[in-house]
Amino acid sequence: MKKPTVAASDALPAWDGDVAAARALQARLAARVRLEDDYPPLRWIAGVDVGFEADGTVTRAAAVLLDARTLAPQDEALARLPTRMPYIPGLLSFRELPAVLEALAGLPRTPDLVFVDGQGVAHPRGLGIAAHLGVVTGLPTVGVAKSILVGTHDEIGPRRGDRAALRYHGRTIGTVLRSKDGVRPLIVSPGHRVALDTAPGLVLACCTRYRLPEPTRLADRLASRRDRQDRLPGL
DNA sequence: GCGACAG
DNA sequence: ATCTTGTCGC
């Protein structure tokens with residue numbers, strides 16, 4: 001990748017069961033997150049997501065590379081690793097990042113921006129999986145979650161594009177964004193090298209006819225093992 | 001002390 | 001996240 005802010009081994013140590021140590025590490029890595037726009041002209045956008053197999057004993061990550069202009073999928077990569085730790089709210093990245101990094105490495109080229117299924121800085125210590133991935137790889141990232149981990153917000157309108165600031169301890173940490181008319185809003189927050197105000201527009205630009213933006217939606221399909229059969233052949 | 005809690 | 005068909009609503 002480009003500018004790893006820290007060595008991957010230090011930023012993503014093997015899970016040893018020490019929750020307090022993991023939280024302390026998150027607090028330190030959060031200081032490395034850059035919330036100013038600093039991404040190249042968007043030519044290639046990647047989407048990553050994780051699924052599980054065999055009763056959760058196998059972690060399966062998918063990475064999809066799309067043409068930023070047409071949103072057409074260009075390449076895809078899968079990675080399967082034995083699951084090392086349980087799901088612990090707030091520590092999701094330690095459980096899923098190893099597989100995600102391997103899937104990303106499987107792509108034929110480095111993306112200009114990565115969409116991650118989960119929070120960016122909208123996290124108790126400012127280091128959701130999208131922010132963690134950004135710090136580890138040095139790549140610009142944006143977190144797109146389907147529900148809130150922390151924070152509150154005002155009610156938002158029912159149409160595509162309607163939004164409200166997500167606040168936590170008096171600070172804005174993300175945006176609650178309606179990606180399509182009448183659907184449940186997405187929780188958008190920067191991961192790394194993207195500004196709080198910029199993230200929503202990037203996500204909306206990738207939302208076509210579904211609630212989830214194309215990068216994440218396609219990665220989700222691959223990771224969730226329901227990639228066998230698809231939609232109606234006629235449409 | 002009692003809930004809440006991305007995926 | 002995952003186990004799972006049809007059904008209700010825009």
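Lettering of chains follows the sequences in order, A, B, ..., and the numbering in each one begins at 1. Note that these values count all heavy atoms, side chains included, but never hydrogens, waters or copies made by symmetry.
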Query raised in the report: Between A/H123 and A/Y168, is the gap from one ring center to the other below 6.0 Å?
Result: no
Query raised in the report: Tell me: OH of A/Y168 to C1' of B/dA6, nearest whole Å?
Result: 13 Å
Report task. Tell me whether the guanidinium CZ or amine NZ of A/R217 lies under 6.0 angstrom from the six-membered ring centre of A/Y210 and within 45° of its axis. Result -> yes
Report summary line: A/H123 NE2 to B/dG7 P, in whole Å, measures 13 Å
Report task. Let me know the distance between CZ of A/F94 and P of B/dA6, rounded to the nearest Å. Result -> 17 Å
Requested in this report: May I have the step-by-step check of side chain to side chain contact (heavy atoms under 4.5 Å, CB included) for A/I129 and A/Q119, ending in yes or no?
Outcome: CA-CA 6 Å; A/I129 187 169; A/Q119 315 294 345; over 6 Å; no
Query - A/L177 CG to B/dA6 C1', straight-line distance once rounded to whole Å - result: 17 Å
Query raised in the report: Given B/dC5, is OP1 or OP2 found less than 4.0 Å from the side-chain N or O atoms of A/S147?
Result: no
Review item, nucleotides 1-5 of chain C N/O atoms under 3.5 Å of protein N/O:
unit_1	atom_1	unit_2	atom_2	d
C/dA1	OP2	A/K146	NZ	3.3
C/dT2	OP1	A/F52	N	3.3

**Report entry** Involving DNA chain B, stems made of at least three consecutive Watson-Crick or G-U pairs, both distances under 3.5 Å
**Finding:** none
**Report entry** SB check A/R178 A/D162 (cutoff 4.0 Å)
**Finding:** no
**Report entry** Greater than 12 external heavy atoms within 6.0 Å of A/D154's CG
**Finding:** no
Query raised in the report: Can you check side chain to side chain contact (heavy atoms under 4.5 Å, CB included) on A/S179 and A/L186, steps first, answer last?
Result: CA-CA 7 Å; A/S179 57; A/L186 296 178; 3.7 Å; yes
Report task. Calculate the interatomic distance between A/L149 atom CG and B/dG7 atom P; express it in whole Å. Result -> 9 Å
Requested in this report: With heavy atoms under 4.0 Å as the rule, sort A/I148 into base, sugar-phosphate or nothing.
Outcome: sugar-phosphate
Report task. Taking only Lys NZ, Arg NE, NH1 and NH2, and the carboxylate oxygens of Asp or Glu, determine whether A/R80 and A/E53 approach each other closer than 4.0 Å. Result -> yes
Query raised in the report: Given atom CD of A/Q119 and atom P of B/dA6, what is their separation to the nearest angstrom?
Result: 8 Å
Query raised in the report: Checking all strands, does A/L127 fall into the base, sugar-phosphate, or nothing category for heavy-atom contacts under 4.0 angstrom?
Result: nothing
Report task. Measure the distance from CZ on A/R84 to C1' on B/dG7 and round it to the nearest whole Å. Result -> 18 Å
Query raised in the report: Using a cut-off of 4.0 Å on non-hydrogen atoms, how would the nucleic acid contact of A/G90 be classed: base, sugar-phosphate, or nothing?
Result: base
Report task. Could you tell me whether A/K146 and A/D117 make a salt bridge, using a distance below 4.0 angstrom between a side-chain N and a carboxylate O? Result -> yes
**Report entry** salt_bridge(A/R43, A/D67) N-O dist < 4.0 Å
**Finding:** yes
Query raised in the report: Taking atom C1' of B/dA6 as reference, at what distance in whole Å does atom CG of A/L133 sit?
Result: 15 Å
